[in-house]
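Convention: sequence-line order gives letters A, B, ...; per-chain numbering from 1.
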Amino acid sequence: MPGAGYLQALGASLREALQQQFGQDAGPVSWEAAPASVREARHADLTCHYAFHAAKLFHTNPRELAYALQAAIPDSLGVSTEVAGPGFLNFSLEAASAKAILRDVFQNPAGYGHWQQKQARQVNVEFCSANPTGPIHLGNARGACFGFVAANLLEAWGHKVSREYYFDDFGTQVDTFALSLLARYREALGQESVFPEGGYQGEYVREIGQRAAQGHFEWAGLPFKNLLVELRRFGLQEMARAHRQTMDGLGIRFDTWFSQSSLERDGFLRRAQVQLEDGGFLYPRDGALWFRSTAFGDDKDRVMIRSNGEPTYFAWDIAYNLHKRERGFDWIIDVWGPDHHGYVMRNKAAFQALGYNADDLTLLIYQLVRWFEQGEEVKMSKRTGEFLTLDEVTEAIGRDAILFFLLDRSPDSTLDFNLDLARQQSLSNPVFYVQYAYTRAFSVEREAIQRGLAIGEIDLETCQAYGPAEHRLLAKIALAPEEIATAAASLLPHRLTGFSKELSGDFHSFYHDHRILGVDASLQQARLNLVSAFRITLGNILTLLGLSAPETM
RNA sequence: GGGCCCUUAGCUCAACGGAUAGAGCAUCGGACUUCUAAUCCGAUUGUUGGGAGUUCGAUUCUCCCAGGGCCCGCCA
């Protein structure tokens, strides 16, 4: 895993030292910003717990190990170090390290914070995947944001990632949708129509029916079956377009739109069934075909083909995973809502029964979002057509605010979204704190360029000028690759929103206390470089989070 | 009956097994003639739901208990 920046180089020297001493690799070093108390009392900028980690591994004393590590750090890396407490290793930045950090950023600005993996995995991240029988509603919003950013993080971490949307355009729900549409179509043509029982009553079905009637009144002459086929196709097309627009509105993009009907067309359901059958994992009971998921730890076996001959949803999942593997993905990630947690075990079971490693299938479950409007929870029912669409909320609150709000929390915790509050007080959303920091830095650069100043010319002399506030900010900039890797490895976007707030906070604080332009030329150059490095780093993080980086606010 | 998640400051939430548990909001008090005050600085706020265990060290890991949310179909 090639290093992504200065801290990775520094970490490599520690790792190498232990390798030589013990003849065994203790793994990569992880870094964090020095806690406030340490920063103030000891003037340290960064800290690592590597001595503890390694001491456990080598059954030795962490404090002694910390001293050994300290001695192994080459002077050329430009940090002063100290051992504290039972084995903390603290680092203070100096001119040479400041220079190295800045050079990392300016060498490849757009790629700063990104990694290269020696063995990049082919990752398929599937998320959102709303039913095509209605617009994307709020229930899908968290999964959409979470999946998108998780994919971005894995990509930045050095993997090959494909973002996939699964269009569930097959089965009884779509039949019901088509029948509902048929009623609306006839209604629009002024014909007698009976709305199907349990049909989709939402206004959007009426609108699609009207568009179908306006564009294709000639279908009315078709035999019932053909008419239904046309309307079904038309309706699905309209819904797919609507879903795409909704995702565009949030700035969420997909690499692949995959439909269930193509699974059917290519016979993957059948192939999965045969493969499981050959493995001896299927057996008939009560007229249905069962998958022996208990062989892999599930608490009961699961039906794959129902007694009426129809496959279950689970069967399609199996076929889909097979299809993904055969497309060359060696890591499959699905983002699911909390109501799906019961399906994790059986899917992993089937995945193994197909001959794959359970660890190569990751099923991410995020917890529920409850939406409140005027003090009451907004309940959603697609059948009755009572729901708030994601489009409506995006329009009311803004895409950046909704993304940040949904991302800035652990997926394990339930989330209450107060829509009235969000509409009124959207300015208190922390996304604006972060974006404002970007804007401020950008405006300094703009002004500097107008004054004919060069940005990014780094030499050791200007780097001498940095004091505690600058070192603090530099340390955060140096930590960005680390934070991105951590967020990616744990698949937790909220770690990165948290870091973006800290990074921005350090900048705001620095900006307030330090004049950048119009000071002594050398100092001006030093500070300008820092501002620009910060702006680049934050910009990359905003991009990963799917947020815009505004040049003005 | 079983499963997943949660319980941390007045409220909403953070905290790869690490140092004095942190932010925002709220409350109170300060700071703009400058590169954007959507900002900054300070004050106040804790028996991390309860108990036991593991260890140099536990909010974090294990077990027990209490409370809350969600799920347990030959629906998708």
Side-chain angles (χ1 to χ4, degrees), chain A residues 30-32 34-38 41-42 47 49 52-53 55-56 61-63 84-88 90 131 133 168 170-174 260 285-290 299-300 302-314 316-317 337-345 365-368 370 408-416 418 421 425 427-437 439-448 450-451 482 485-487 489-490 492 494-495 497-498 501-502 504-505 507-519 524 527-528 531 552-553:
Chain A
S30 62
W31 299 92
E32 46 188 272
S37 55
V38 175
R42 304 168 173 281
T47 185
H49 305 142
F52 295 116
H53 166 76
K56 193 161 268 181
N61 182 315
R63 194 172 164 85
F88 297 105
N90 295 330
N131 277 332
T133 51
D168 197 355
F170 206 81
T172 50
Q173 45 157 5
V174 181
Q260 189 176 340
R285 192 175 79 201
D286 304 331
L289 192 61
W290 293 69
D299 55 348
K300 55 181 174 182
R302 309 291 173 174
V303 172
M304 206 178 146
I305 308 291
R306 291 185 270 163
S307 51
N308 66 2
E310 292 291 323
T312 58
Y313 183 73
F314 170 51
W316 288 106
D317 278 341
D339 50 335
H340 278 66
H341 84 259
Y343 294 78
V344 170
M345 185 68 96
I365 305 285
Y366 59 88
Q367 294 301 311
L368 202 68
R370 296 189 301 172
D408 191 29
R409 198 152 305 187
S410 161
D412 284 339
S413 70
T414 53
L415 195 157
D416 289 347
N418 186 325
L421 214 62
Q425 307 183 348
L427 287 186
S428 71
N429 190 307
V431 74
F432 295 103
Y433 179 85
V434 174
Q435 290 181 318
Y436 185 50
T439 300
R440 279 180 138 182
F442 188 87
S443 71
V444 173
E445 289 180 274
R446 184 172 45 213
E447 176 66 19
Q450 267 175 19
R451 296 186 189 188
E482 184 78 18
T486 303
S490 55
L492 293 174
H494 79 282
R495 284 181 190 265
T497 59
K501 286 186 284 188
E502 285 177 23
S504 301
F507 174 76
H508 280 310
S509 188
F510 159 77
Y511 179 92
H512 188 267
D513 291 343
H514 297 85
R515 180 79 201 159
I516 297 146
L517 301 178
V519 298
Q524 172 176 268
R527 289 182 177 165
L528 191 52
V531 168
T552 59
M553 280 179 80

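- Taking CD of Gln173(A) as the reference point, atom CG of Asp168(A) lies at 4.5 Å (rounded to 0.5 Å).
- The NZ atom of Lys501(A) sits 10.0 Å away from the OH atom of Tyr433(A) when rounded to the nearest 0.5 Å.
- Taking CD from Glu447(A) and CG from Leu517(A), the interatomic distance works out to 6.0 Å, rounded to the nearest 0.5 Å.
- Each of Ala84(A) and Arg440(A) has a nearest nucleotide on RNA chain B; the 5'-most of these lies closest to Ala84(A).
- When the P atom of G3(B) is taken as reference, atom NZ of Lys300(A) falls 14 Å away, rounded to whole Å.
- In this pair, His514(A) and Phe510(A) present their aromatic rings parallel. The plane angle is below 30°, not in the 30 to 60° band.
- Asn90(A) comes within 4.0 angstrom of a nucleotide base, judged by non-hydrogen atoms across all strands.
- Contact annotation for Tyr343(A): base contact, defined as any heavy-atom pair under 4.0 Å involving a base atom.
- One P atom belongs to G2(B), the other to U27(B), and the distance between them is 47 Å to the nearest Å.
- Counting to the nearest Å, the P atom of A38(B) and the NZ atom of Lys501(A) are 20 Å from each other.
- With rounding to whole Å, Gln260(A) atom CD is found 9 Å from A76(B) atom C1'.
- Distances shown here put a side-chain N or O of Tyr436(A) below 4.0 Å from the OP1 or OP2 atom of A38(B).
- The minimum heavy-atom distance linking Gly309(A) with Ile305(A) is given by the pair O-CG2, 3.6 Å.
- When heavy atoms are screened at a 4.0 angstrom cut-off, Ser443(A) is found touching base atoms of the nucleic acid.
- C5(B) and G46(B) have their C1' atoms separated by 24 Å, with the value rounded to a whole Å.
- For the C1' atoms, the distance from U59(B) to A14(B) is 11 Å, rounded to whole Å.
- Closest to the side chain of Ser509(A), from the set C74(B), C40(B), A19(B), is C40(B).
- Inter-residue side-chain proximity for Ser504(A) and Gln435(A) is flagged as unmet; no heavy-atom pair is nearer than 4.5 Å.
- Each of Asn308(A) and Asp412(A) was matched to the nucleotide of RNA chain B holding its nearest heavy atom; the match closer to the 5' end belongs to Asp412(A).
- In this structure, NZ on Lys300(A) lies 7.5 Å from CH2 on Trp290(A), to the nearest 0.5 angstrom.
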Notebook entry, point to check: Can you give the dot-bracket line for RNA chain B, using ( ) for pairs inside the strand, [ ] for pairs that cross earlier ones, | for pairs with another strand and . for unpaired bases, where Watson-Crick and G-U count if both distances are under 3.5 Å?
Noted result: (((((((..((((....[...)))).(((((.......))))).....(((((..]....))))))))))))....
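- Nucleotides G10(B) and C28(B) have their C1' atoms positioned 15 Å apart, rounded to a whole Å.
- Glu502(A) CD to Thr497(A) OG1: the interatomic distance, rounded to the nearest 0.5 Å, is 10.0 Å.
- Rounded to whole Å, the distance from OH on Tyr511(A) to C1' on C32(B) is 11 Å.
- Residue Leu517(A) is in base contact, counting any heavy-atom pair closer than 4.0 Å across all strands shown.
- Rounded to the nearest Å, the gap between the C1' atom of A23(B) and that of A66(B) is 30 Å.
- Nucleotide C71(B) carries an anti base; the chi torsion (O4'-C1'-N9-C4 or O4'-C1'-N1-C2) is more than 90° from 0.
- In this structure, His512(A) places its NE2 atom 4 Å from C1' of C40(B), rounding to the nearest Å.
- Gln524(A) has its CD atom 13 Å from the C1' atom of U34(B), to the nearest Å.
- The base of A19(B) lies close enough to the side chain of Thr47(A) for a donor and an acceptor atom to sit less than 3.5 Å apart.
- In this structure, Thr312(A) does not reach the C75(B) phosphate: none of its side-chain N or O atoms is under 4.0 Å from OP1 or OP2.
- Across the P atoms, U12(B) and A37(B) are found 33 Å apart, a figure rounded to whole Å.
- Side-chain contact check for Val38(A) versus Phe88(A): every heavy-atom pair is 4.5 Å or farther apart.
- Under the 4.5 Å side-chain criterion, counting only non-hydrogen atoms from C-beta, Thr552(A) is not in contact with Ser443(A).
- Summarising the geometry, the separation between CZ on Arg446(A) and C1' on U36(B) is reported as 9 Å, rounded to the nearest angstrom.
- Using a 4.0 Å heavy-atom cutoff across all strands shown, Arg63(A) reaches no nucleic acid atom at all.
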Notebook entry, point to check: What is the per-nucleotide protein-contact pattern of nucleotides 11-18 of chain B, from the 5' end, where B denotes a base atom under 4.0 Å from a protein heavy atom, S denotes such proximity for sugar-phosphate atoms only, and - denotes neither?
Noted result: -SSSSB-B
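- Separation of atoms CG (Asp416(A)) and OG1 (Thr414(A)) is listed at 6.0 Å; rounding is to 0.5 Å.
- Contact of the Pro430(A) side chain with the Asp408(A) side chain is registered, since non-hydrogen atoms from C-beta on lie closer than 4.5 Å.
- Between the P atoms of U39(B) and C25(B), the separation comes to 8 Å (whole Å).
- C11(B) and C70(B) are spaced 23 Å apart, taking the C1' atom of each and rounding to whole Å.
- A straight line from CG of Asp299(A) to P of C4(B) spans 10 Å, rounded to a whole angstrom.
- Proximity note for Ile516(A) (side chain, C-beta onward) versus U36(B), C74(B), C35(B): the nearest is C35(B).
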